[in-house]
Protein chains: 2
Amino acid sequence: MGISKTEIFTDQQNEISVFAKVFGHPARVAILQHLFKIDTCVCGDLVNEIGLAQPTISQHLKELKHLGLIKGSIEGTRVCYCIDADNWTKMKHIMQEFLDQDVSAKADCC
Amino acid sequence: MGISKTEIFTDQQNEISVFAKVFGHPARVAILQHLFKIDTCVCGDLVNEIGLAQPTISQHLKELKHLGLIKGSIEGTRVCYCIDADNWTKMKHIMQEFLDQDVSAKADCC
DNA sequence: TTGTTTCATTGCAATATTACGATGAATTAA
DNA sequence: TTAATTCATCGTAATATTGCAATGAAACAA
């Protein structure tokens with residue numbers, strides 16, 4: 001139905017999928033990589049850096065902010081966005097625990 | 001337009017987002033965790049393990065298989081699925097490189 | 001004040017995803 | 001052969017996502 005039945009999954013499974021979903025669009029990956037690369041950033045720079053319209057970038061920034069991965073502060077008419085280091089680290093541990101699952105030799109049965 | 005403009009992003013950005021997207025649904029996270037937990041698996045077990053209909057599980061398995069993260073072999077009337085260890089490792093390195101980006105102290109400007 | 005800049009929000013169209021009933025294909029059992 | 005089992009595929013409905021033009025809100029400049 002286009003809606004995920006989140007209630008039948010564990011909190012951990014839902015948390016992993018929520019973080020993964022936000023990385024599931026190349027524009028948001030590009031935004032995060034750009035924020036990592038430079039030290040200070042404003043939304044306008046991102047519109048130039050990435051080839052999407054300003055409302056589209058703003059929408060992607062909103063999603064990243066909603067998950068706590070970035071934070072923004074108003075600087076006059078501009079808005080300064082950057083990575084939220086603490087929340088990024090927390091997310092990283094959750095994702096790495098999922099990615100680091102070991103495959104036993106026996107598992108390779110097919 | 002509901003379609004990602006993949007052509008304006010780098011191959012690396014697109015690759016990260018494609019892997020992330022497949023983890024962006026709790027059912028697929030649950031399927032992978034189950035395949036890691038037990039050593040051999042058939043689709044029917046997954047339908048019982050996860051509370052979704054058989055065609056839905058089959059559809060999620062198809063997406064995981066398409067990315068090469070799992071592989072399946074026919075065993076009579078059943079199909080045995082398991083993690084593709086090599087491809088999982090490759091994917092893990094790509095995702096970890098993205099997650100492991102360092103945040104400089106200066107970046108925390110907001 | 002008026003205009004300018006910058007970013008957020010609204011509204012909408014196009015497309016993608018999720019879920020499942022019905023059905024099909026392949027194998028096994030009787 | 002016929003029936004049963006198992007999983008894939010088809011078709012479709014409900015919902016979500018993506019993208020942008022138009023517009024709004026807030027701060028600054030003249």
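- Atom P of nucleotide C:dA8 and atom CG of A:Leu64 are separated by 12 Å, given to the nearest angstrom.
- Between A:Gln13 and A:Thr10, the side chains place a donor N or O and an acceptor N or O closer than 3.5 Å (distance only, hydrogens not considered).
- For B:Phe98, the ring-ring contact (aromatic ring centres under 6.0 Å, His included) test picks out A:Phe23, A:Trp88, with sequence neighbours left out.
- Judged as a side chain to side chain donor-acceptor pair (under 3.5 Å), and not counting sequence neighbours, B:Glu15 has no contacts.
- For D:dG19, one of the phosphate oxygens OP1 or OP2 lies less than 4.0 angstrom from a side-chain nitrogen or oxygen of A:His60.
- Taking the salt bridge (charged side-chain N to carboxylate O under 4.0 Å, His left out) definition, one finds that B:Glu49 meets it with nothing, sequence neighbours left out.
- Protein atom CD1 of A:Ile74 is 15 Å distant from nucleotide atom C1' of C:dT5, rounded to whole Å.
- Summarising the geometry, the separation between CZ on B:Arg78 and P on D:dA4 is reported as 18 Å, rounded to the nearest angstrom.
- The distance from the CE atom of B:Met91 to the CG atom of B:Leu69 is 5.5 Å, given to the nearest 0.5 Å.
- One interatomic measurement links the two molecules: CD of B:Glu63 to P of C:dT17, which rounds to 7 Å at whole-angstrom precision.
- Side-chain N/O atoms of A:Thr77 include none lying less than 4.0 angstrom from OP1 or OP2 on D:dA26.
- Judged by closest nucleotide on DNA chain D, B:Val42 is the one of B:Val42 and A:Arg28 placed further toward the 5' end.
- A heavy atom lying under 4.0 Å from DNA chain D marks the following residues of residues 45-53 of chain A, by number: A:Leu52, A:Ala53.
- For the OP1/OP2 pair of C:dT17 and a distance below 4.0 Å, the side-chain nitrogens and oxygens of B:Lys21 include at least one atom meeting the criterion.
- Checking A:Val22, A:Ile70, A:Ile50 one by one against A:Arg28, the side chain to side chain contact (heavy atoms under 4.5 Å, CB included) holds for a single residue, A:Val22.
- Contacts between residues 10-18 of chain B and DNA chain D, counted as heavy-atom distances below 4.0 Å, involve no residue at all.
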Restricting to nitrogen or oxygen on both sides, can you table the protein-nucleotides 8-11 of chain D pairs closer than 3.5 Å?
residue : atom : partner : partner atom : Å
D:dA8   : OP1  : B:Tyr81 : OH           : 2.3
D:dA8   : OP2  : B:Ser58 : OG           : 2.5
D:dA8   : O5'  : B:Ser58 : OG           : 3.4
D:dA8   : N7   : B:Gln54 : NE2          : 2.7
D:dA8   : N6   : B:Gln54 : OE1          : 3.1

